[in-house]
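First comes the structure, then the notes that go with it.
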Number of protein chains: 2
Amino acid sequence: MSGNRPSSRSRILAAAAALARDAGPGKLSLDAVAARAGVSKGGLLYHFPSKAALMAGLVEDYIAEFEAKLDAAATEDDTGEALMKAYIALSLKSLDEKQPPASWIFSAMAEDPDFLKPVNEFRRKLLNRLLSGSADRTKTIMAYLAIEGLHSLKLFGSDLLSGEDRDAIDAHLLSRTRARPASSRE
Amino acid sequence: MSGNRPSSRSRILAAAAALARDAGPGKLSLDAVAARAGVSKGGLLYHFPSKAALMAGLVEDYIAEFEAKLDAAATEDDTGEALMKAYIALSLKSLDEKQPPASWIFSAMAEDPDFLKPVNEFRRKLLNRLLSGSADRTKTIMAYLAIEGLHSLKLFGSDLLSGEDRDAIDAHLLSRTRARPASSRE
DNA sequence: CTAACTGTACCGTCTGGACGGTAATGTCAA
DNA sequence: TTGACATTACCGTCCAGACGGTACAGTTAG
């Protein structure tokens with residue numbers, strides 16, 4: 001479905017994400033995206049024949065990119081614990097750095113909440129993968145939820161945790177594979 | 001600032017929340033809200049002279065309602081731990097029951113992310129209150145983040161956790177004030 | 001009398017999207 | 001080799017409708 005078009009398509013998507021972040025999620029109009037991407041409106045509509053298609057493209061790329069990074073960080077024959085560690089590291093990395101929040105998600109939700117269904121499905125599958133290799137189910141879910149909470153806070157622009165606390169949380173989340181006596185098995 | 005107007009004002013706010021939930025956050029127009037609330041557009045604009053005022057009202061009521069419930073559940077002379085327990089119980093209650101998600105938040109974010117600033121400020125103060133009476137800072141933050149994660153998941157319509165898992169998480173979160181839980185399954 | 005509306009008419013702006021071009025680059029038969 | 005046609009990748013314009021907001025005259029309840 002998604003071909004390799006390095007120039008226009010991805011430039012449009014990037015422009016949309018940047019615009020939602022800079023001007024606010026409510027300002028994500030086709031005209032504005034086209035202008036930001038440096039294409040005409042007709043050109044935009046050639047690549048994404050409707051606003052819905054644009055949103056779907058944003059979601060698709062978002063998932064694909066994360067999945068690619070995750071798969072790159074954890075080879076498939078790894079145990080679930082390794083995947084969990086990769087997930088945590090990847091999430092914290094995307095959280096801690098100056099990586100901008102995916103504010104376009106609000107645009108998609110405003111347009112139609114169903115656009116986020118692929119994201120939810122991806123999350124479901126991911127959590128199941130994480131849990132299938134987990135020794136402590138509750139602890140894994142708690143870690144997952146905490147990361148989800150951090151994502152949410154960032155998305156809403158909340159600067160709740162400062163330096164030390166966030167470091168402590170990071171350390172706590174990352175400590176799961178280390179410092180654990182490998183004696184408890186199921 | 002906010003007077004006690006049980007009828008129109010709150011009916012409008014409720015209508016706006018219901019509309020965002022039913023029709024989607026993007027369909028929250030003044031006309032639609034007025035129609036749903038059973039008032040004329042002029043009547044709506046009498047109470048909320050602009051859409052921004054409507055959004056601010058939504059946010060204000062949202063915070064005030066939660067704060068009232070929290071204060072009712074935990075008397076002020078309680079220790080921080082009691083407040084934490086009340087917060088957890090209240091959050092889980094609002095999460096587990098068929099209480100609808102506050103989808104209007106997406107409308108507010110689309111309109112202007114600054115509308116959510118009071119919410120973030122409230123969260124900051126709350127977490128500080130929670131932490132000031134906490135013996136284990138990291139554990140408290142983790143619990144807070146997990147609840148935030150649950151809220152986020154619900155907001156985005158994700159049905160990630162099913163029955164048993166959510167029960168386990170609930171139990172885990174609630175076990176903090178008891179000395180010896182030792183009653184979790186598995 | 002006043003507060004709290006209703007109802008209608010209207011305005012300027014913005015928006016998604018349809019539409020008709022167009023230039024460049026293939027593809028392919030004669 | 002060439003001319004006919006197809007496809008891709010856009011551009012620029014236009015429009016109907018929705019939106020937030022204004023204005024204002026009239027109505028009803030306390």
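The rotation axes computed at either terminus of the helix from C/dC1-D/dG30 to C/dA30-D/dT1 lie 20° apart, taking five pairs at each end and rounding to 10 degrees.
The stretch residues 103-114 of chain B does not touch DNA chain D, since none of its heavy atoms comes less than 4.0 Å from the strand. The stretch residues 24-39 of chain B touches DNA chain C through B/Gly38, B/Val39, each having a heavy atom within less than 4.0 Å of the strand.
A salt bridge links B/Arg129 with B/Asp71: the distance from a Lys NZ or Arg NE/NH1/NH2 to an Asp or Glu carboxylate oxygen falls below 4.0 Å. A salt bridge links A/Arg9 to A/Asp61: one of the charged nitrogens lies within less than 4.0 Å of a carboxylate oxygen. Salt bridge annotation for A/Lys125-A/Glu121: present, with a cationic side-chain nitrogen under 4.0 angstrom from a carboxylate oxygen.
Closest contact between the side chain of B/His47 and the listed nucleotides C/dT6, C/dC5, D/dG21 involves C/dC5. The side chain of B/Ser8 lies closest to C/dC5, out of C/dC5, D/dC10, D/dC11.
Using modelled atom types, no side-chain atom of B/Arg21 and backbone atom of B/Ser103 make a donor-acceptor pair closer than 3.5 Å.
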Between the protein and nucleotides 18-23 of chain C, which nitrogen or oxygen pairs come in under 3.5 angstrom?
none

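Applying the 4.0 Å criterion to OP1 and OP2 of C/dC5, one finds that B/Tyr46 has every side-chain N and O outside that range.
Within the structure, the salt bridge (charged side-chain N to carboxylate O under 4.0 Å, His left out) test picks out the following pairs touching residues 138-160 of chain B (sequence neighbours left out): B/Arg123-B/Glu148.
Using the six-membered ring where Trp is involved, A/Tyr144 and A/Tyr87 have ring planes that are parallel, under 30° apart on the 30 and 60° scheme.
B/Arg9 has its CZ atom 19 Å from the P atom of C/dA3, to the nearest Å. Put simply, CG on B/Leu44 is 14 Å from C1' on C/dA4, counting in whole angstrom units.
Considering every non-hydrogen atom in both B/Leu95 and B/Ile147, the closest pair reads CD2-O, 4.4 Å.
Annotation: side chain to side chain donor-acceptor pair (under 3.5 Å) contacts of A/Arg36 (sequence neighbours excluded): A/Asp22.
B/Tyr46 and B/Met55 fall into different hydrophobic clusters, where Ile, Leu, Val, Met, Phe, Trp and Tyr residues are linked whenever their side-chain heavy atoms come under 4.5 Å apart, directly or through other members.
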